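One-based numbering along the sequence shown. All values derive from a computational prediction rather than experimental measurement.
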Amino acid sequence: LGDHALYRIVYLSRATRTFDDAELNALAAWSAERNAVASVTGLLLYDGSRFLQAIEGPEAQVTGTMDRIARDKRHDSLTYIQDDPVRDRQFGHWAMQLKLAPAGCCSTDFLERVKEDVTLVDDLNLQAAFIGFAVLSSQRPRGYTCANR
Ligand SMILES: Cc1cc2nc3c(=O)[nH]c(=O)nc-3n(C[C@H](O)[C@H](O)[C@H](O)COP(=O)(O)O)c2cc1C
């Protein structure tokens, strides 16, 4: 019953610089550890210049975590897609799952991996946000201008 007052925040932001995979993996691992303690779960996407993140769990833990994330100088221009009480977790099996768009030209791999991650998400607005983000970054990947299109 500890999960009866659940809350979810989903936001988009702009990375203030380019991050490499090692830095982001470290950030996600650190976040997962801290989230696990707070019973927070979620999904984080990075397309080379922007983040899309969902965090969910007990309201106080989610808003407290979001306050810290929002003050983080590694990103700015935060736009909130969701900020609401919710009935169920949608990413309950991940303390913080990270998906990185691969560097390279016109990769559809990122999109396929994100689709897999959200197949069990039954909130269609959430599915649309994550899949839309992945579609756009498949067309405009990791700081590359695609010469083949
Ligand atoms: C894109 C992004 C996502 C983040 N996600 C989380 C997260 O899920 N959980 C978390 O505790 N910190 C997350 N952080 C780290 C926090 O912003 C912050 O650096 C960290 O919580 C330490 O805060 P403190 O120095 O105020 O203790 C994230 C940072 C960024 C840039």
Side-chain angles (χ1 to χ4, degrees), residues 1-103 107-143:
L1 221 80
D3 256 7
H4 72 285
L6 287 171
Y7 204 84
R8 183 181 308 116
I9 297 178
V10 183
Y11 71 89
L12 281 159
S13 67
R14 190 184 61 176
T16 45
R17 59 180 176 82
T18 305
F19 293 92
D20 63 30
D21 291 4
E23 286 176 291
L24 291 163
N25 283 316
L27 169 70
W30 188 93
S31 295
E33 266 180 53
R34 186 144 180 180
N35 291 353
V37 174
S39 195
V40 168
T41 52
L43 176 61
L44 172 62
L45 306 188
Y46 176 68
D47 72 354
S49 60
R50 305 190 68 84
F51 294 105
L52 173 60
Q53 186 175 31
I55 58 172
E56 59 187 13
E59 177 166 1
Q61 310 290 347
V62 170
T63 55
T65 300
M66 193 65 227
D67 286 347
R68 281 187 283 109
I69 294 173
R71 283 197 304 269
D72 198 312
K73 294 287 187 292
R74 288 173 285 188
H75 62 174
D76 62 17
S77 307
L78 276 71
T79 300
Y80 291 88
I81 294 173
Q82 183 175 21
D83 188 345
D84 294 312
V86 291
R87 196 112 56 96
D88 307 294
R89 287 183 194 257
Q90 298 284 342
F91 308 100
H93 37 305
W94 297 314
M96 187 46 64
Q97 169 81 335
L98 171 69
K99 282 291 145 73
L100 305 171
S107 170
T108 55
D109 176 58
F110 180 55
L111 174 58
E112 293 312 314
R113 285 181 293 124
V114 170
K115 275 187 185 164
E116 263 172 48
D117 284 351
V118 299
T119 42
L120 293 179
V121 169
D122 54 36
D123 178 325
L124 294 181
N125 283 344
L126 262 188
Q127 272 208 5
F130 278 88
I131 291 174
F133 184 91
V135 167
L136 278 180
S137 53
S138 304
Q139 293 168 354
R140 201 164 20 79
R142 289 314 271 278

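- Residues F130 and D117 are not in side-chain contact: their nearest non-hydrogen atoms beyond the backbone lie 4.5 Å or more apart.
- Listed here is the closest heavy atom pair of A95 and A32: CB-O, 3.4 Å.
- Taking OG of S31 as the reference point, atom CG of L98 lies at 9.0 Å (rounded to 0.5 Å).
- To the nearest 0.5 angstrom, I55 atom CD1 is 11.0 Å from Q82 atom CD.
- Side-chain atoms of S39 and R89 include a donor-acceptor pair closer than 3.5 Å.
- Rounding to the nearest 0.5 Å gives a distance of 8.5 Å between CZ of R8 and CG of D84.
- Rounded to the nearest 0.5 Å, atoms CD1 (I81) and CD1 (I9) are 12.0 Å apart.
- Although no hydrogens or angles enter the test, the distance criterion places no donor-acceptor pair under 3.5 Å between the side chain of E59 and the main chain of A5.
- Taking 4.5 Å as the limit, some side-chain heavy atom of V10 sits within range of a side-chain heavy atom of L126.
- Under 4.0 Å is where a charged nitrogen must lie from a carboxylate oxygen, and between R17 and E23 at least one such pair does.
- Side chain of H75 to backbone of I69: a donor-acceptor contact under 3.5 angstrom is found.
- For A15, the side-chain contact (heavy atoms from CB on, under 4.5 Å) partners two or more places apart in sequence, or in a different chain, are F19, Y46, F51.
- Each of T65, V62, T41 was compared with N35 under the side chain to side chain contact (heavy atoms under 4.5 Å, CB included) criterion, and only T65 meets it.
- No side-chain heavy atom of R87 sits under 4.5 Å from any side-chain heavy atom of L6.
- For T63 against Y7, the heavy-atom pair with the smallest separation is CG2-CE2, 4.2 Å.
- Taking every heavy atom of both residues into account, Y80 and M66 meet most closely at OH-CE, 3.5 Å.
- Taken from CZ in F110 to CG in D47, the straight-line distance is 6.5 Å, to the nearest 0.5 Å.
- Distance check: L12 CG to L52 CG gives 5.0 Å after rounding to the nearest 0.5 Å.
- Each of L78, D72, T79 was compared with S13 under the side chain to side chain contact (heavy atoms under 4.5 Å, CB included) criterion, and only L78 meets it.
- D123 places a side-chain N or O within 3.5 Å of a backbone atom of N125 that can act as its donor or acceptor partner.
- Between R113 and D109, at least one side-chain N (NZ, or NE/NH1/NH2) sits under 4.0 Å from a carboxylate O, which counts as a salt bridge.
- Residues T119 and Q127 share a closest heavy-atom pair of O-NE2, 3.8 Å.
- Contact of the M96 side chain with the Q53 side chain is registered, since non-hydrogen atoms from C-beta on lie closer than 4.5 Å.
- Taking F133 as the reference, nothing meets the ring-ring contact (aromatic ring centres under 6.0 Å, His included) condition, with sequence neighbours excluded.
- Of all the heavy atoms in F91 and G42, the pair that sits closest is CB-CA, 3.8 Å.
- Of all the heavy atoms in S77 and R50, the pair that sits closest is O-NH2, 4.4 Å.
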